[in-house]
2 protein chains.
Amino acid sequence: MNKYYTITELTREFGVSTRTLRFYEDEGLVQPERRGRTRLFRQADRRLIQEILRGRRIGFTIAEIREIIQVYKDPPGEEGQLKLLMKRVDEKRNELRQKRKDIEETLNELDNVEEACLTRLAEIGVST
Amino acid sequence: MNKYYTITELTREFGVSTRTLRFYEDEGLVQPERRGRTRLFRQADRRLIQEILRGRRIGFTIAEIREIIQVYKDPPGEEGQLKLLMKRVDEKRNELRQKRKDIEETLNELDNVEEACLTRLAEIGVST
DNA sequence: AGCGGCTTTTACGTAAAAGTCAATTTTTCT
DNA sequence: AGAAAAATTGACTTTTACGTAAAAGCCGCT
């Protein structure tokens with residue numbers, strides 16, 4: 001059946017504005033089809049948007065996200081390009097591992113904060 | 001001995017600019033002492049900066065970081081405030097868990113990209 | 001006293017990623 | 001067909017987190 005999605009269906013699903021999706025199109029991240037001037041998003045576009053938003057959540061810039069999409073769309077074939085790409089991939093991975101560590105540590109801290117809150121509440125004599 | 005750090009010592013240690021550290025002071029995140037007009041950072045300031053930068057890496061805004069610092073500096077004592085804080089902590093934790101999941105997934109994808117690169121290189125006949 | 005180097009303050013600038021608004025279309029419903 | 005609802009476009013604005021440039025102060029050294 002190959003369903004089409006309207007822009008507002010997707011904004012509702014992902015909790016973003018139409019402006020945002022149009023912005024992503026302007027930036028060349030997605031290329032929905034058109035019927036007249038209306039955008040028609042396919043499954044592929046929808047999945048792409050999921051990936052874009054995931055990238056956004058972990059702090060990738062639009063440029064970085066576009067780069068990643070590019071690599072999937074047409075992977076480099078030449079040795080120099082491939083090695084460069086691998087280097088960039090390795091850097092990104094290190095960055096993400098650091099970020100993951102930062103998150104673990106912060107999660108632990110937040111656990112402590114919660115503990116402290118519970119303790120304090122108990123002191124005041126509030127049963128949780 | 002209670003050593004003081006100059007602003008440039010810290011910029012070198014953490015790889016940030018003096019502008020950044022002054023900005024954090026303007027935003028009320030750190031309060032180094034002064035000798036004349038010169039800032040003198042203590043160990044406590046230094047550790048605080050570490051935490052600020054960690055927060056920054058995982059995408060916290062200055063306002064959020066300030067809020068966290070505030071909670072440490074003077075924790076709420078009243079029931080309503082405590083419960084509110086716990087709610088905010090819980091939200092933050094969920095957000096961070098999502099982010100961690102996003103990172104895991106992206107790390108896996110990057111592994112695949114690397115694999116693909118190696119395969120392609122082997123195809124071209126390059127020994128890695 | 002002069003120099004180099006670091007520091008300060010003030011003030012304006014900027015890039016990224018949208019948000020907002022107004023003026024048109026276009027589509028949908030009856 | 002005609003009104004209402006939804007979508008598009010373009011221009012302008014906003015927010016965050018600093019960057020940058022100018023003009024000057026302080027400090028140790030020679």
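Being a predicted model, the structure only gives us computed values, none of them experimental.
- Look at CD on B/E67: it is 14 Å from P on D/dT16, rounded to the nearest Å.
- A cation-pi contact, defined as under 6.0 Å to the ring centre and within 45° of the axis, links B/K92 to B/F60.
- When heavy atoms are screened at a 4.0 angstrom cut-off, B/T18 is found touching no nucleic acid atom at all.
- Counting non-hydrogen atoms under 4.0 angstrom, B/R39 reaches the backbone sugars and phosphates but no base.
- Rounded to whole Å, atom C1' of C/dA18 lies 18 Å from atom CZ of A/F14.
- Note on B/R35: every side-chain N or O is 4.0 Å or more away from OP1 and OP2 of D/dC26.
- B/L29 places its CG atom 10 Å from the P atom of D/dC18, with the value rounded to the nearest Å.
- Side chains of B/K3 and B/R42 form no contact here, defined as non-hydrogen atoms less than 4.5 Å apart.
- A salt bridge does not link A/R100 to A/E104: none of the charged nitrogens lies less than 4.0 Å from a carboxylate oxygen.
- Dashed line: the shortest gap from a side-chain N or O of A/T8 to OP1 or OP2 of D/dA7 is under 4.0 Å.
- Between C/dT10 and B/R22, no contact under 4.0 Å exists linking OP1 or OP2 to a side-chain N or O.
- When the side-chain nitrogen and oxygen atoms of B/T38 are compared with OP1 and OP2 of C/dC6, none of them lie within a distance under 4.0 Å.
- Atom CD of A/E64 and atom P of C/dA16 are 11 Å apart (whole Å).
- Rounding to whole angstrom units, CD1 of residue A/I52 and P of C/dA17 are separated by 12 Å.
- Nearer the 5' end of DNA chain D, as judged by each residue's closest nucleotide, is the contact made by A/E25, out of B/I62 and A/E25.
- For the pair B/F23 CZ and D/dG19 P, the interatomic distance rounds to 10 Å; values are reported in whole Å.
- For the pair B/D26 and A/G36, nearest-nucleotide mapping onto DNA chain C gives the more 5' position to B/D26.
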Is there a side-chain contact (heavy atoms from CB on, under 4.5 Å) between B/Q43 and B/Y5 once you walk through the steps? CA-CA 8 Å; B/Q43 277 297 341; B/Y5 299 85; 2.3 Å; yes

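- With hydrogens and angles ignored, a donor-acceptor pair under 3.5 angstrom links the side chain of B/R19 to the base of D/dT20.
- Rounded to an integer number of Å, the gap from CD1 of B/I65 to P of D/dA17 is 7 Å.
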Can B/E95 and A/R57 be said to form a salt bridge (Lys or Arg N to Asp or Glu O under 4.0 Å), step by step? CA-CA 9 Å; B/E95 185 188 309; A/R57 283 196 298 273; over 6 Å; no

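- Residue whose closest nucleotide on DNA chain D sits further toward the 5' end, between A/R34 and B/A63: A/R34.
- Phosphate contact (OP1/OP2 of C/dA17, side-chain N/O of A/Y24, threshold under 4.0 Å): absent.
- Residue A/S17 places none of its side-chain N or O atoms closer than 4.0 Å to OP1 or OP2 of C/dA18.
- Looking at B/R37, its side chain has no donor and acceptor atom pair within 3.5 Å of the base of C/dT9.
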